[in-house]
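Working notes, structure below.
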Amino acid sequence: MEACWQCGHPQHESLFCQFCNSLQRPTPDYYRFLGLERKLSLDSKDLQNRFYNLSRLLHPDRYLRRTPKERQYSLEATAILNDAYRVLRDHVLRAEYVLKEEGFNIGEQRSENVPPELLEEVFELNLALEELRGGDSSARPQLCEAYARFVAMQDEADNRLSELFRRYDTTGDREALAEVRGVLNRRKYIRNLVSEVEKELAASAA
Amino acid sequence: MSPMFQIDFGRPVRSRVVGIDLGTTNSLVAYMDLTSPKVIPDPGGSLIVPSVVSLSGAGELVAGNEGRQMLLTDPERTVYSVKRLMGKGAADVQDELQLFPFHIASASDAVIQIELGDRTFTPPEISAQILRQLKSNAEAYFGERVTQAVITVPAYFNDAQRQATKDAGRIAGLEVLRLVNEPTAAALAYGLDKRKEGVVAVYDLGGGTFDISILKLHQGIFEVLATNGDTHLGGDDIDNLLLRIALEDTATEWGEDLSTNHEAIQLLRRAVIEAKEQLSTVPVTSIRLEYHGKKYERELTRELFEQLITPIVDRTLAPCRNCIHDAGLNVEQIDEVVLVGGSTRIPLVRQAVEKLFRAKPHTELNPEQVVALGAAVQAAILAGDVTDKLLLDVTPLSLGIETMGGVVSKLIHRNSTIPASATEVFTTAVEGQRNVLIHVVQGERELARDCRSLARFDLKDIDPMPAGMARIEVRFLIDANGILNVTARDIRTGKEQSMEVKPSYGLTDEQVEAMIRESIDLAEEDFKARQVREAQVEADTILAAVERARDNEAWLELDDEERSRIERAVNELLMAYHADDHLLIRAQIDKLNTVTMKLAENMMNTAVRSALKGTKI
């Protein structure tokens, strides 16, 4: 247990000293920082409220007339708060964060590593994309169709993630985490395809 | 202990914080007056200080109206639109230099050197002169020293441009408490939080820069969702367009090329600006010039003007669309639009904004003043006078480091709420390697060479060890000003890792320090005298208080040691009094304050006792 830098009172992982109310060195753990249990499913409204409330308490604008130490802690704490909010409000970044904290290795998903079940579809999609880029707009309907299919796949992956999130949150089952990692990789691949098709469709429409 | 009787031995002066809009064309200073922000006039009553700086015949920099006057009489010793040069290298600004009357020294690389007469100045030094003018206007208005300020910058300013603005503040003798983004400041000035919830777009087209920001309002919190813009787009571009036409006209009509005649250009520039401004209210006007007995006049209809400037106005639309997209919104979800910047007076601009956002834009506040007013509100927030509002801004550009093959690895993405941070662990590639070089860039492109180079950090004196064994954790933190701070730590030893920073553009700390010294040497001997005088007044107050205390029974309650400490401190203060050094006087005041603490306490107790006894002291 750490002691307060200001008054020496022992601290229980609180942002402020319970005794002298001075700002303490912030924890880098996103969940602990926000006062949350490490769950994969989060209530976004509650998260937003915590973010706003803590911003009001911690922002450097509020510490300009304080000691250099408190100013520094305010800067660090707000940076962690902002980083935490950015990561935890996005279900994909949040899952990646938990995986990393739980010791899973999440390498960069390379676009070359096509999930095998998608191989054929991706091959055709790339052909259609080539045609469109070459100025042949006859590939457009086919692309729109493929686009809808991939968006549906992405939604499917998101639904699967929600299920796995609930499973992990209730059981703490690491198998569920391993599965989350697999779905995340697949989703990332699909997401890249979706945004690429989106970009090409927008470019050819313009 | 709650003090019933305040015994005041002189307290530290809490200076006022002003808000400054350091604009491309005009600058303003404002402050928070009880409940609402107000622009501070200069002694002549004018609210606007032209952002023009000139080197007078006496070798002094002058800014504002005086500078603007000299733009006509002495154009080659006069600088305007210096904001466009802030944080830039000479290579960045070649195109626009053609239209400026001043020259740039050939040796300008990391920092532009502007030649005026036989001297050279960097853009922060020129900007500092504008800031000094604003500072002195505020000081004359309040009758007291002003040393702290909030300065606004375009939201799309990069790290170097922000740093240059902060440097300008320091050179002008201002502690820059915060750099605030102009559109965000405008939102603050509009007090749009009164509607409690909602999404607002701020469209800011000024003299030299364009910004678009989208904010979410939530119970006094102004959360910027996304920002976009172009730091090289504004009213100047419209002026230059009209100027080129007028120059072509005069070349054919007069058979004389005026494009190298700085005096004529400045007159012509004034004429086109006048015509431009008139066209915001009338359908037709003329550009008129009389020069050495020759006359030029061209009729300009609003219709033709609008055709001419359509490409410029259109250039603002893509950033707007991107910004809406980055905010994760549809245009229907934007409740209100605010217009900022002089160029938004142009009817075509208003129409374009209205069409894009499908909402009638707010124009209640003067678009030239709204940014300064917002800066004053932020100043009051920082001073602790306003507690129900809070700005949460974002970084406009992604921050990354150059990796193998010149590819950028992004560490902090654009539109991240600031302060924001990222941590990277670096190691060595060969045995015994002592240095690791980190190249930090800002921008959205894949390759480092297409991004803006910020700085190179050299991690030095790494203990020699086998390749890959060293583990140095580097923390990149973008602070609330949008400026990067980097710290490094050796993970093995836990010690701070030493490093050298080489900014790619801009001044080093040493250069800024030198400029501060020089500007103090050069200018305002009277300012120093004033500082000394103020310290003396404060000294008078505390010395008089001590004298009075000698008659108080509290004095007798002190022991000899305490009394002699006070006597010594009084003597030292008296000796410092005429030393012409306000810092020394203040140091002695502080000392006397410390040694009289016990006395003050005793006096308070005496006062309480007397009050209880019902006797008068």
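So you know, we letter chains A, B, ... as the sequences are listed, proteins then strands, and number each from 1. These numbers come from a predicted model, not from an experiment.
- By the 4.5 Å heavy-atom criterion applied to side chains, B/R178 and A/P60 are counted as neighbours.
- Environment of CZ in B/R471: sparse, with no more than 12 heavy atoms of neighbouring residues, nucleotides or ligands closer than 6.0 Å.
- Among B/L391, B/I418, B/T417, the residue with the largest count of heavy-atom pairs under 4.5 Å with chain A is B/T417.
- Taking a 6.0 Å sphere around CZ of A/R160, one finds it holds more than 12 heavy atoms contributed by other residues, nucleotides or ligands.
- Within 6.0 Å of the CD atom in B/E424, the count of heavy atoms belonging to other residues, nucleotides or ligands exceeds 12.
- In this structure, A/R86 CZ and B/N415 CG are separated by 10.5 Å, a value rounded to the nearest 0.5 Å.
- Between the NE2 atom in B/H218 and the CZ atom in A/F51 there is a gap of 10.5 Å [rounded to 0.5 Å].
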Side chain to side chain contact (heavy atoms under 4.5 Å, CB included), that's the test. Do B/L390 and A/S55 meet it? Break it down for me.
CA-CA 8 Å; B/L390 181 65; A/S55 290; 4.0 Å; yes

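- The two residues A/R62 and B/I381 make their nearest non-hydrogen contact at NH1-CG2, 4.0 Å.
- Inspection of the A/N82 and B/S416 side chains reveals no N or O donor paired with an N or O acceptor under 3.5 Å.
- Most heavy-atom pairs under 4.5 Å with chain A, from the set B/I478, B/D479, B/I412, B/L392: that is B/L392.
- Between B/E175 atom CD and A/L64 atom CG the span is 7.5 Å, to the nearest 0.5 Å.
- Atoms OG1 and CG, from B/T387 and A/D61 in turn, are 12.5 Å apart once rounded to the nearest 0.5 Å.
- Heavy atoms closer than 4.5 Å to chain A are found in both the backbone and the side chain of B/L382.
- Under a cut-off of 6.0 angstrom, the local environment of CZ in B/R445 is sparse, with at most 12 non-hydrogen atoms contributed by other residues, nucleotides or ligands.
- Of the two parts of A/D83, only the side chain, counted from C-beta on, holds a non-hydrogen atom closer than 4.5 Å to a non-hydrogen atom of chain B.
- Of the two parts of A/R56, the backbone and the side chain both hold a non-hydrogen atom closer than 4.5 Å to a non-hydrogen atom of chain B.
- With a 4.5 Å cut-off on non-hydrogen atoms, A/Y85 touches chain B through its side chain but not through its backbone.
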